[in-house]
Amino acid sequence: MHSIFQQLEADHQRMQRMLYELIHEIERFSGMHVTPANVDTILNGLDYIQTFPEAWHHPVEHVVFRQLHSKLGINHYALNNVMRDHSMLEALSEQLSLIFAELRMGEQTLRPSLVRLARHYHSRQISHIHEERSIFSVADQLFTPADWEEIQQAITVEVGEDRLAERDAYLAALPLQRPAFDGAFVH
């Protein structure tokens, strides 16, 4: 597996850990747990899920997906759906963040519909990650060294090395969340 896919997979693993921590806290609202939910933990998880993918993860995926569009035999409909999911999931993250921020400030009361929305969000995020993994598996088999060179150059232009340093600093500052892969997108 190419190092770009290794980094994207490490990102996915980190996001899944964050999503499972998030849903665990949300499930505490059901009243079936001894300890109450920690809204700050939920907001921190949602902040990460908004910040990291939008700033660093999705731009790299979009470069990979554009390159994949040039290959014969690709299911363009599935690829476009996954790309469209990014904006939908970002909007849903923002909506949940606003609702939980209002809940924290006492401007909102907890309703069962909020827990259902959070569960839906969790399942959509996990499903999205699995769909991307399937696409990456196909792409890893189709991409040539020339494709990887084009992808690497596009990432350097679109994301920039200074932004990658910001990414590394952001990840290092996460409590208990260290990157599973120490490689970089740009060598």
Side-chain angles (χ1 to χ4, degrees), residues 1-27 41-69 71 74-75 77-94 96-97 118-143 147-148 151-152 154-156 158-160 163-187:
M1 179 181 283
H2 193 275
S3 63
I4 291 172
F5 282 152
Q6 289 174 341
Q7 181 64 53
L8 290 170
E9 177 57 23
D11 294 348
H12 283 159
Q13 289 174 9
R14 194 178 313 101
M15 281 186 260
Q16 280 185 296
R17 283 192 309 269
M18 199 69 75
L19 284 163
Y20 284 114
E21 182 178 325
L22 181 68
I23 199 66
H24 178 74
E25 284 301 317
I26 289 167
E27 290 297 329
T41 299
I42 293 169
L43 287 169
N44 288 338
L46 287 168
D47 180 65
Y48 169 80
I49 293 167
Q50 284 180 277
T51 302
F52 186 83
E54 289 178 36
W56 296 287
H57 183 79
H58 291 163
V60 172
E61 285 182 336
H62 288 191
V63 169
V64 169
F65 293 156
R66 279 196 312 268
Q67 189 72 19
L68 192 54
H69 264 293
K71 298 296 180 184
I74 292 299
N75 182 338
Y77 178 77
L79 190 56
N80 290 336
N81 273 346
V82 167
M83 290 175 70
R84 272 192 301 273
D85 271 356
H86 288 167
S87 59
M88 183 271 300
L89 291 169
E90 289 168 4
L92 193 50
S93 295
E94 178 69 21
L96 281 172
S97 290
R119 287 175 181 154
H120 169 74
Y121 171 77
H122 177 263
S123 66
R124 281 299 306 132
Q125 286 280 12
I126 296 298
S127 175
H128 177 78
I129 288 171
H130 289 296
E131 290 169 14
E132 287 183 338
R133 284 178 172 153
S134 295
I135 290 170
F136 294 162
S137 176
V138 170
D140 199 39
Q141 296 170 13
L142 294 176
F143 286 162
D147 290 317
W148 286 117
I151 290 167
Q152 194 69 60
I155 290 169
T156 301
E158 292 186 33
V159 178
R163 292 284 295 143
L164 294 174
E166 289 175 24
R167 176 204 66 196
D168 294 341
Y170 177 84
L171 290 174
L174 286 176
L176 303 174
Q177 298 292 328
R178 299 290 180 243
F181 176 73
D182 291 329
F185 289 124
V186 180
H187 303 305

**OP:** Ignoring hydrogens and angles, state whether a donor on the side chain of His128 or Glu132 is under 3.5 Å from an acceptor on the partner side chain.
**Re:** yes
Subject >> Sequence-distant partners of Asp47, side-chain contact (heavy atoms from CB on, under 4.5 Å), two or more places apart >> reply: Thr51, Tyr170
Subject >> Note, Phe136 side chain near Met1 side chain (heavy atom, < 4.5 Å) >> reply: no
**OP:** May I ask you to establish whether Arg167 and Phe52 are in a cation-pi arrangement, using a distance under 6.0 Å from NZ or CZ to the six-membered ring centre and at most 45° from the ring axis?
**Re:** no
Original post:
Does any N or O in the side chain of Ser97 come within less than 3.5 Å of the main-chain N or O of Ser93, such that one atom is a donor and the other an acceptor?
Top reply: yes
**OP:** Please say which of Leu96, Ile126, Ile23 ends up in a side chain to side chain contact (heavy atoms under 4.5 Å, CB included) with Tyr121.
**Re:** Leu96
**OP:** Output yes when a side-chain donor or acceptor of Ser137 lies under 3.5 Å from a complementary backbone atom of Arg133, and no otherwise.
**Re:** no
Original post:
Mind checking whether Glu61 and Val64 have side chains closer than 4.5 Å, heavy atoms only?
Top reply: no
Original post:
Between His86 and Glu54, do the side chains contain an N or O donor and an N or O acceptor separated by less than 3.5 Å?
Top reply: no
Original post:
In Å and rounded to the nearest 0.5 Å, what is the CD1 to CZ distance from Ile26 to Arg119?
Top reply: 9.0 Å
**OP:** Check whether any side-chain N or O of Trp148 sits under 3.5 Å from a backbone N or O of His2 as a donor-acceptor pair, and report yes or no.
**Re:** no
**OP:** Can you sort out the partners of Val138 under side-chain contact (heavy atoms from CB on, under 4.5 Å), two or more places apart, ordered by chain and number?
**Re:** Ile74, Leu142
**OP:** Could you walk me through whether Glu90 and His58 pass the side chain to side chain donor-acceptor pair (under 3.5 Å) test, one step at a time?
**Re:** CA-CA 11 Å; Glu90 289 168 4; His58 291 163; 2.9 Å; yes
**OP:** List the atom of Tyr48, the atom of Pro53, and the distance in Å for their closest heavy-atom pair.
**Re:** O-CD, 3.4 Å
Original post:
Does the side chain of Met18 reach to within under 4.5 Å of the side chain of Leu46, using non-hydrogen atoms?
Top reply: no
Original post:
Between Glu158 and Arg66, does at least one N-O distance fall below 4.0 Å, as a salt bridge requires?
Top reply: yes
**OP:** Taking the side chain as every heavy atom from C-beta outward, state whether Thr41 and His24 have any atom pair closer than 4.5 Å.
**Re:** no
Original post:
Is any side-chain heavy atom of Arg124 closer than 4.5 Å to a side-chain heavy atom of Ser127?
Top reply: yes
Original post:
Would you call Met15 and Asp11 a side-chain contact if the rule is heavy atoms closer than 4.5 Å?
Top reply: yes
